[in-house]
There are 2 protein chains.
Amino acid sequence: MKTMTKSGAAALPLNSIVSGDCIEVMRSLPEASVDLIFADPPYNLQLKGDLHRPDNSRVDAVDDAWDKFDTFAAYDRFTREWLAAARRLLKPHGAIWVIGSYHNIFRVGAALQDAGYWILNDVVWRKSNPMPNFRGKRLTNAHETMIWASKSEGAKYTFNYEALKALNDGVQMRSDWVLPICTGHERLKDERGEKAHPTQKPQSLLHRVMVGCTKPGDVVLDPFFGTGTTGAVAKMLGRDWIGIERDAGYIKAAEARLAKVRKYDRDALVVSTSKRAEPRIPFGQLVERGLLRPGEMLVNARGKQAKVRADGTLIADDVRGSIHQVGAAIEGAPSCNGWTYWSFSRDGQKVPIDLLRQQLRAELG
Amino acid sequence: MKTMTKSGAAALPLNSIVSGDCIEVMRSLPEASVDLIFADPPYNLQLKGDLHRPDNSRVDAVDDAWDKFDTFAAYDRFTREWLAAARRLLKPHGAIWVIGSYHNIFRVGAALQDAGYWILNDVVWRKSNPMPNFRGKRLTNAHETMIWASKSEGAKYTFNYEALKALNDGVQMRSDWVLPICTGHERLKDERGEKAHPTQKPQSLLHRVMVGCTKPGDVVLDPFFGTGTTGAVAKMLGRDWIGIERDAGYIKAAEARLAKVRKYDRDALVVSTSKRAEPRIPFGQLVERGLLRPGEMLVNARGKQAKVRADGTLIADDVRGSIHQVGAAIEGAPSCNGWTYWSFSRDGQKVPIDLLRQQLRAELG
DNA sequence: ATAGGCGTTGAATCTACCT
DNA sequence: TAGGTAGATTCAACGCCTA
């Protein structure tokens, strides 16, 4: 087990499973230390006589409707407690994913919002092979819902847009994901050959979440670890992980599973990055470096010209300013990306100035 | 207008639009008199500044006053009030459908449960042509969520299993519905040619709801009638309808629309049955699904290798990109079909990756 | 007539960094 | 902390026009 200390606080039990109640365990861990939380909370509503129910004595005295409300209230209390403990653990730029079905997801979503999380998307896991509805009384329950939320409104968060776009054949990733349920060899079995966990999630689901929302080396926490799908995918992808689980049987199964997981090659973990991640090159540097001469003319797509000045600004008619400002002024647009807007002439050809930027980036390593 | 009296109570304003606040109007109508409620309440989007497309055009956002609430608490109060008034109107065997997005649906769902409704399914409307995410900061918001609930736990409800199965090519209807958004001729325009309502729902959506959950002659109420999609589909299908709307402009547009609707005029219902194209399988899905492992090598016919990365891109020498891009680069060709170009090794055999795609297609049916 | 190009549009919580 | 500016970013469908 690798551990980490943060300014003298309790150690973070990286790459291990902590046995116990997730609320208590989370409260004992150092705050602002986790990059991503993936949570698959229970939603069987079997909280009667279980934890977090303050007053059992009243149960038999009330009618069904009241009891129903009381059950929801108990579930809400449980939800709000673990969500608060989880939020404390998140770094300011961290994020959470929660998965659920119509039984619980509405209560979880409302509690998330009330706790100060900021919902970024809800994502539908569309199961390609769901269990049919045998009685024909309802629609086939063919999906589950995930909520992706940042720690607070306006907070930064990790989103590997280009990587997910690449995963989706070059088209931006949508909020509905078609993936099969966990079956076959991936599904863990116990000694009797029965499924080890009733709701084991497919690794493909976690793969997409982590490729999209974490960086290599990030810390991923799963407070309802179960048989450890989150840990398995995190390990494969070179992320650190922490699992919390109170069922000894699940822990045992997860530990056996995780021991067998291999991390992918380092260069296989690299995912496509966007232009945003590349070093910024001021336009003036092209002039300084002699890639463009002061006095040289740039043109836009319609042939409109602007003259390059020694300080890296442009002048066209009465407008002067940065490549972006002059482009925006000509277009009457609120903004403009000058790098793609302007071209220059070389050997009678119009060449976008962005090419010079790329050239400079390559030189600068 | 056809009216109905129920044991001396106030008349039910069948097949007409009632002008006014939906909570007040619903409170004035006779209880237990409606079979189905379809509600498209304000989403409380909380939009801030303008949004521009990459081509600098401005997105015409939903900035109407009716969608603005000061706090979640205010939105909750509103939601709980209209849900309570609606529940009073429902017959004991009636049902409700509510549609929303992640901004509001979790609050609506929790309020439904607290009010005593019993959720039967949540249904995902997967939009075949959603608006993209222009800034690349989140996932494309490609779906909305509908909740289907009976009046109370254990209550009977109408569900036309066979009819929906027939609508779905003889296969049990699932909880995810792929339908296009409302565009083209179906989209109502005002005198200036602008969209008459910012959030008009497609008739195909209401068609499926009513075919599945009502009988001919049932009374369908829509408390947020807008430009009357619910009424139009109800009329076509021979159901009685009641609309409540407080905006005079929407009422006028809806009345003009409804006057033109013919009962049983199936052709008017543009159910875009997009030809079931072969499901597109992104190469990345082979990686997510574990059919190929990040770090694994692919080879072309001449033995040239490329390494698979976690996001479904390849890397070979200095070239990185999709299976098609890397293939094209190696060949010096303008394009390349990566599916037939690349193979992988299994048990010492070279196997084309297209075989894995076919395998996946078969699974996804 | 028909194919193809071009412009428009849709329930959207849509930036990052430096001063 | 607020303000200013660099500069990154889109998919499917429909209607209109031209070849």
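One N or O on the side chain of B/Tyr75 and one on the backbone of B/Pro42 form a donor-acceptor pair closer than 3.5 Å. Between the side chain of B/Asp64 and the backbone N or O of B/Asp67, no donor-acceptor pair lies under 3.5 Å. Judged by distance alone, the side chain of A/Glu296 and the main-chain N or O of A/Arg293 form a donor-acceptor pair under 3.5 Å.
Counting non-hydrogen atoms under 4.0 angstrom, B/Pro41 reaches a base of the nucleic acid. Contact annotation for A/Arg174: no contact, since no heavy-atom pair falls under 4.0 Å across all strands. In this structure, A/Ile119 reaches the bases: a heavy-atom distance under 4.0 Å links it to at least one base atom across the strands shown. Within the nucleic acid shown, B/Lys68 has no heavy atom closer than 4.0 Å to any nucleic acid atom. Within 4.0 Å of B/Pro130, counting heavy atoms only, lies at least one base atom of the nucleic acid. Within the nucleic acid shown, A/Thr340 has no heavy atom closer than 4.0 Å to any nucleic acid atom. The residue B/Ile99 sits apart from the nucleic acid: no heavy atom pair falls under 4.0 Å. Counting any heavy atom pair closer than 4.0 Å across all strands shown, B/Asp67 reaches a base atom. In this structure, B/Gly100 reaches neither bases nor backbone, as no heavy-atom distance under 4.0 Å exists between it and the strands shown. At a threshold of 4.0 angstrom between heavy atoms, the contacts of B/Cys182 with the nucleic acid are absent. Across all strands, B/Asn104 comes closer than 4.0 Å to no nucleic acid atom at all (heavy-atom distances). Among the atoms of the strands shown, base atoms are found under 4.0 Å from some heavy atom of B/Glu144.
Closest to the B/Arg135 side chain, of the nucleotides C/dT9, C/dT15, D/dC11, is C/dT15. When distances are taken from the side chain of B/Ala61 to each of C/dT13, C/dA12, D/dA8, the shortest belongs to C/dA12. Minimum atom distance to the side chain of A/Lys156 is reached by C/dC17, of the listed C/dC17, D/dA8, D/dC11. Taking only side-chain atoms of A/Gln172, from C-beta outward, the nucleotide of D/dT10, C/dA11, C/dC14 with the closest atom is D/dT10. Counting only heavy atoms from C-beta on, B/Pro54 has its side chain closest to D/dT10 among D/dT10, D/dA8, C/dA11. Among the nucleotides C/dT13, D/dA8, C/dA11, the one closest to the side chain of A/Lys275 is D/dA8. Counting only heavy atoms from C-beta on, A/Tyr161 has its side chain closest to D/dT10 among C/dG10, C/dA12, D/dT10. Among the nucleotides D/dA8, D/dC11, C/dT9, the one closest to any side-chain atom of A/Asn337 is D/dA8.
Atom C1' of nucleotide C/dA12 and atom CG of A/Asp122 are separated by 13 Å, given to the nearest angstrom. Rounded to a whole Å, the CG atom of A/Leu112 is 16 Å from the P atom of C/dT13. Nucleotide D/dA12 holds its C1' atom 8 Å from the CD1 atom of B/Ile181, rounded to whole Å. We find that OH of B/Tyr43 is positioned 9 Å from P of C/dA11, with the value rounded to whole Å. Across the protein-nucleic acid pair, A/Phe159 atom CZ and D/dT9 atom P stand 12 Å apart, rounded to whole Å. The nearest whole Å value for the distance from the CG atom in B/Asn129 to the P atom in D/dT10 is 18 Å. Rounded to an integer number of Å, the gap from NZ of B/Lys48 to C1' of C/dT15 is 14 Å. The distance from atom CG of A/Asn121 to atom C1' of C/dA11 is 14 Å, rounded to the nearest whole Å.
In this structure, A/Asp176 does not pair ionically with A/Arg126, as no charged nitrogen and carboxylate oxygen lie closer than 4.0 Å. The pair A/Glu331-A/Arg302 meets the salt-bridge criterion, since a charged nitrogen lies less than 4.0 angstrom from a carboxylate oxygen. A salt bridge is defined here as a Lys NZ or Arg NE, NH1 or NH2 lying under 4.0 Å from an Asp or Glu carboxylate O, and A/Asp317 with A/Lys304 meets this definition. Remark: A/Lys275 engages A/Asp354 in a salt bridge, criterion side-chain N to carboxylate O under 4.0 Å.
Taking the P atoms as reference points, C/dC17 lies 14 Å from D/dT9, given to the whole Å. Distance noted for atom C1' between C/dA1 and D/dC17: 15 Å (whole Å). Rounded to the nearest Å, the gap between the C1' atom of D/dG7 and that of C/dG10 is 25 Å. Spacing between D/dT5 and C/dT13 at atom C1', rounded to whole Å, works out to 24 Å. The separation of C/dC14 from D/dA12, taken at their P atoms, amounts to 23 Å, rounded to a whole angstrom.
For D/dA8, its base sits under 3.5 Å from the side chain of A/Ser335 at one donor and acceptor pair at least. A donor and an acceptor atom sit less than 3.5 Å apart, one in the side chain of B/Arg53 and one in the base of C/dG10. A donor-acceptor contact under 3.5 Å is formed by the side chain of B/Arg138 with the base of C/dT13. Donor-acceptor pairing under 3.5 Å, judged by distance alone, is absent between the side chain of B/Lys137 and the base of C/dA16.
A stacked arrangement is assigned to A/Trp118 and the six-membered base ring of C/dT13, with a centre-to-centre distance below 5.5 Å and an interplanar angle below 30°.
An anti base is found at C/dT15: its glycosidic angle is more than 90° from 0.
Annotation: of the two residues near DNA chain D, A/His324 and B/Thr183, the 5′-most nearest-nucleotide partner is A/His324. Take the nearest nucleotide of DNA chain C for A/Arg276 and for B/Gln200: the residue whose nucleotide is more 5' is B/Gln200. Residue order along DNA chain C, read from the 5' end via each residue's closest nucleotide, puts B/Glu194 first among B/Glu194 and A/Gln113. Each of B/Met131 and A/Phe283 was assigned the nucleotide of DNA chain D with the nearest heavy atom; the assignment lying further toward the 5' end belongs to A/Phe283.
Between B/Asn56 and A/Ser335, some side-chain heavy-atom pair lies under the 4.5 Å cut-off.
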- Query: Dot-bracket, DNA chain D: Watson-Crick or G-U, under 3.5 angstrom, [ ] crossing, | other strand?
  - Reply: .|||||....|||||||||
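Between B/Arg187 and the phosphate of C/dA11, there is a side-chain N or O to OP1/OP2 separation shorter than 4.0 Å. For the pair B/His52 and C/dA12, the criterion of a side-chain N or O lying under 4.0 Å from OP1 or OP2 is not met. Between B/Asn141 and C/dT13 there is a side-chain polar atom (N or O) within less than 4.0 angstrom of OP1 or OP2. Contact between the side-chain N/O atoms of A/Ser322 and the OP1/OP2 oxygens of D/dA6 is found at a separation under 4.0 Å.
A cation-pi contact links B/Arg107 to B/Phe72, judged by a cut-off of 6.0 Å to the six-membered ring centre and 45° from its axis.
Ring to ring, A/Phe159 and A/Trp148 are close: their centroids are under 6.0 angstrom apart.
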- Query: So B/Trp125 and B/Trp177, ring-ring contact (aromatic ring centres under 6.0 Å, His included) or not? Walk me through it.
  - Reply: CA-CA 5 Å; B/Trp125 168 28; B/Trp177 299 355; 9.8 Å; no
- Query: For A/Glu153 and B/Lys48, what are the C-alpha separation, side-chain angles and deciding distance, and is it a salt bridge (charged side-chain N to carboxylate O under 4.0 Å, His left out)?
  - Reply: CA-CA 12 Å; A/Glu153 179 177 1; B/Lys48 301 267 162 39; 2.9 Å; yes
